Amino acid sequence: MPIIIVFFAVLFGLTGPAHAVDQQGAFAIKGIAAERCQAFSDAYTKREQSVLLFASWIDGYLTASNRLRENTFDLAPWQSPDVLLALINNHCARNPDDPLAEVVNELLKYLAPRRLTERSELETAKVGERSVVLFREVMRQVQEKLVEAGHLGGGVDGRFGPNTQTAIEAFQEANDLEKTGLPDQETLFEMFVEVRPLEGQ
């Protein structure tokens, strides 16, 4: 997913360490999350089996956060695991001494403003042999972006049809993306992520 990784390189700068939860500024970190960024980056770059442990922990952390955070159904409603891992690695490669748990916590803070606040049905977008499954609310947001960009007219209903496909193709062409007609990861990133410079740049 090289386009995503390039985009993330100019996107994600942490604003500082996450705040601990007790009055003394300490909290317990369990399992592989106690590692530093260097360990994650090494596993990610070398495609070691241990990166699956990191991915599993991140999934669990996301699930717990979804349950415990108020007004939250899904903090990462369209981002694939590969995208989240690439985003974490982008930071960790530049900051090898950062605690992984704090990096993931800051990532969740970054994702929070665009979280899905309530349950949504799934919608399948299919073009030829390729398909993408998204929450219907995310598809509705895609359509709103397409309307704003002048690629889609008419109502916004969260359903994928020929008009939405054509509008996505126009959006992809206008933004130098692969013309798939699908709301794939690169297209969603271009629609929803506001690129900001890394801290210190």
Side-chain angles (χ1 to χ4, degrees), residues 1-12 44-45 47 49 51-52 54-56 58-63 65-66 71-91 104 107-108 110-196:
M1 205 164 289
I3 294 177
I4 287 292
I5 295 172
V6 170
F7 282 152
F8 282 148
V10 294
L11 164 71
F12 186 49
Y44 183 88
T45 302
R47 301 182 182 276
Q49 191 74 13
V51 78
L52 298 177
F54 288 107
S56 181
I58 291 164
D59 280 347
Y61 194 85
L62 272 168
T63 300
S65 298
N66 287 340
N71 297 321
T72 299
F73 178 71
D74 195 343
L75 279 161
W78 58 266
Q79 298 88 344
S80 71
D82 287 344
V83 165
L84 295 175
L85 290 173
L87 179 51
I88 292 166
N89 183 63
N90 176 71
H91 175 83
V104 174
L107 172 60
L108 266 58
Y110 173 78
L111 295 173
R114 294 207 66 91
R115 70 191 185 280
L116 207 61
T117 58
E118 58 187 33
R119 183 188 300 274
S120 177
E121 298 297 322
L122 295 176
E123 180 72 12
T124 300
K126 185 174 176 62
V127 177
E129 297 301 314
R130 301 174 67 177
S131 63
V132 172
V133 179
L134 291 179
F135 288 117
R136 194 162 290 161
E137 173 59 22
V138 174
M139 188 70 75
R140 188 188 65 77
Q141 293 173 13
V142 167
Q143 291 171 328
E144 287 180 343
K145 288 289 187 181
L146 293 170
V147 170
E148 290 173 12
H151 300 304
L152 181 65
V156 169
D157 59 5
R159 305 280 185 162
F160 183 82
N163 292 337
T164 299
Q165 177 186 334
T166 299
I168 289 173
E169 290 171 351
F171 179 90
Q172 290 168 334
E173 185 171 9
N175 289 277
D176 297 321
L177 300 172
E178 182 184 358
K179 196 173 173 182
T180 64
L182 291 168
D184 49 37
Q185 293 289 287
E186 289 86 354
T187 303
L188 294 172
F189 185 92
E190 184 69 28
M191 286 182 174
F192 294 132
V193 177
E194 295 181 6
V195 176
R196 66 173 188 257

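Only a predicted model underlies this, so the values are computations on that prediction, with no experimental measurement involved. The residues of the chain are indexed from 1 along the displayed sequence.
Between atom CG of residue Leu188 and atom NZ of residue Lys145 there is a gap of 11.5 Å, rounded to the nearest 0.5 Å. Atoms CZ and CD, from Phe171 and Glu190 in turn, are 5.0 Å apart once rounded to the nearest 0.5 Å.
Taking 4.5 Å as the limit, some side-chain heavy atom of Leu152 sits within range of a side-chain heavy atom of Asn163. Under the 4.5 Å side-chain criterion, counting only non-hydrogen atoms from C-beta, Gln165 is in contact with Phe160. By the 4.5 Å heavy-atom criterion applied to side chains, Arg159 and Thr164 are not counted as neighbours.
Shown here are the ring-ring contact (aromatic ring centres under 6.0 Å, His included) partners of Phe54, two or more places apart in sequence or in another chain: Phe40. For Lys126, there are no salt bridge (charged side-chain N to carboxylate O under 4.0 Å, His left out) partners at least two apart in sequence or on another chain. Residues satisfying the side-chain contact (heavy atoms from CB on, under 4.5 Å) test with Leu122, not counting sequence neighbours, are Val133, Phe135.
The two residues Arg115 and Leu75 make their nearest non-hydrogen contact at CB-CA, 3.8 Å. Scanning both residues, Ala125 and Leu182, for their nearest heavy atoms gives O-CD2, 3.4 Å.
Val142 pairs in a side-chain contact (heavy atoms from CB on, under 4.5 Å) with only one of the listed residues (Glu137, Glu123, Met191), which is Met191.
Ring geometry for Trp78 versus Phe189: interplanar angle over 60°, hence perpendicular rather than tilted (30 to 60°).
With hydrogens and angles ignored, the 3.5 Å screen pairs a side-chain donor or acceptor of Gln185 with a backbone N or O of Ser80.
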